[in-house]
Amino acid sequence: MRLCPLIFSQVLYEDSQMVTLTAPYIAGFLAFRETPFLLEALQRLERNQPRLLPQVVFVDGNGLFHYREFGLACHLGVLSGLPCVGVAKNLLQVQGVYKSEEHQSKIAALQKGGDSFPLAAASGKVLGKALRSSDKSSKPVYVSVGHKISVDTAVHLTHSCCRYRVPEPIRQADFRSREYLRTHFPAADT
DNA sequence: GCGACAG
DNA sequence: ATCTTGTCGC
């Protein structure tokens, strides 16, 4: 595998297009709120800097680990045609996966960075994996398939991008977008 | 009514 | 997601 996942957040940052989200946030419907804008960003990139199109996209949200097995990372993957990995920072309780005692003990059993356990639906189907992304953080991230990638590759790739708990592409995109807002739109009050 | 709730 | 208070570690 030869992948360059760090580039995309850098490019998104340099792209700096402000958008206005209209759809409200409703758990389970994140894709309807965010997909159009993420897709547009990818399309701008393809048009302006095709050489920098990423080989894989890290999405801040779930892929198959979703009420209807089709979260934001799946929407963006299908519409862009690019491989996508879904990485959620919080557990979406879905299809028999709950924050149960059992779940908590599985988390406690994750000893070191790279350790993971499957998130299986009642049917037994693996919808994603809980990954201890670094030695330091005891709180896992939740990785699932978005598009054109297997769960295991997604998990390995995510771990390989974690300097801290959140994989660097997502962390940097988050960071730099907030920094952009701070410098260009300081404290808007009434 | 009560609990759950990716971002 | 946001806001806030406090603590630990480099």
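Chain letters run A, B, ... following the sequence lines, proteins first, then strands; residues in each count from 1.
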Evaluation steps, side chain to side chain contact (heavy atoms under 4.5 Å, CB included), between A:Phe117 and A:His103: CA-CA 10 Å; A:Phe117 64 85; A:His103 181 81; 3.8 Å; yes
Please classify the nucleic acid contact of [X] as base, sugar-phosphate, or nothing, using heavy-atom distances under 4.0 Å.
X: A:Tyr142; answer: nothing
X: A:Gly86; answer: nothing
X: A:Asn62; answer: base

Return the [atom1] to [atom2] distance between [X] and [Y], rounded to the nearest 0.5 Å.
X: A:Arg47; Y: A:Glu40; atom1: CZ; atom2: CD; result: 12.0 Å
X: A:Ser144; Y: A:Leu119; atom1: OG; atom2: CG; result: 8.5 Å
X: A:Leu82; Y: A:Leu53; atom1: CG; atom2: CG; result: 6.0 Å
X: A:His147; Y: A:Leu64; atom1: NE2; atom2: CG; result: 11.0 Å
X: A:Arg165; Y: A:Ser138; atom1: CZ; atom2: OG; result: 9.0 Å

For DNA chain C, stems built from three or more consecutive Watson-Crick or G-U wobble pairs below 3.5 Å: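 Listed by first number, the stems come to none.
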Round to the nearest Å and state the distance from [X] atom [atom1] to [N] atom [atom2].
X: A:Leu91; N: B:dG7; atom1: CG; atom2: P; result: 10 Å
X: A:Arg182; N: C:dT2; atom1: CZ; atom2: P; result: 12 Å
X: A:Arg165; N: B:dA6; atom1: CZ; atom2: P; result: 13 Å
X: A:Phe65; N: B:dG7; atom1: CZ; atom2: C1'; result: 15 Å
X: A:Phe58; N: B:dG7; atom1: CZ; atom2: P; result: 15 Å
X: A:Tyr67; N: B:dC5; atom1: OH; atom2: C1'; result: 6 Å
X: A:Tyr98; N: B:dG3; atom1: OH; atom2: P; result: 16 Å
X: A:Leu30; N: B:dA6; atom1: CG; atom2: C1'; result: 6 Å

B:dG7 phosphate, OP1 or OP2, under 4.0 Å from A:Lys89 side-chain N/O: yes
Short side-chain N/O contact to B:dC5 OP1/OP2 from A:Asn90, under 4.0 Å: no
What protein N or O atoms touch nucleotides 6-10 of chain C N or O atoms at under 3.5 angstrom, if any, and at what distances?
none

Test item: A:His159 side-chain N/O and A:Val155 main-chain N/O as donor-acceptor pair under 3.5 Å: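 Not at all, since once roles are kept as given, no pair shorter than 3.5 Å links the two residues.
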A:Gly113 backbone acceptor or donor facing A:Asp135 side chain under 3.5 Å: yes
Within 45° cone of A:Phe175 ring axis and under 6.0 Å: A:Arg182 NZ or CZ: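 The answer is no; the distance or angle limit is not met.
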C1'-based separation of B:dA4 from C:dA1 [nearest Å]: 16 Å
Same-atom distance (C1') from B:dC5 to C:dT2, integer angstrom: 15 Å
From C:dT2, B:dA6, B:dG7, nucleotide with atom closest to A:Arg178 side chain: C:dT2
Geometric class of the A:His75/A:Phe32 ring pair [parallel <30°, tilted 30-60°, perpendicular >60°]: perpendicular
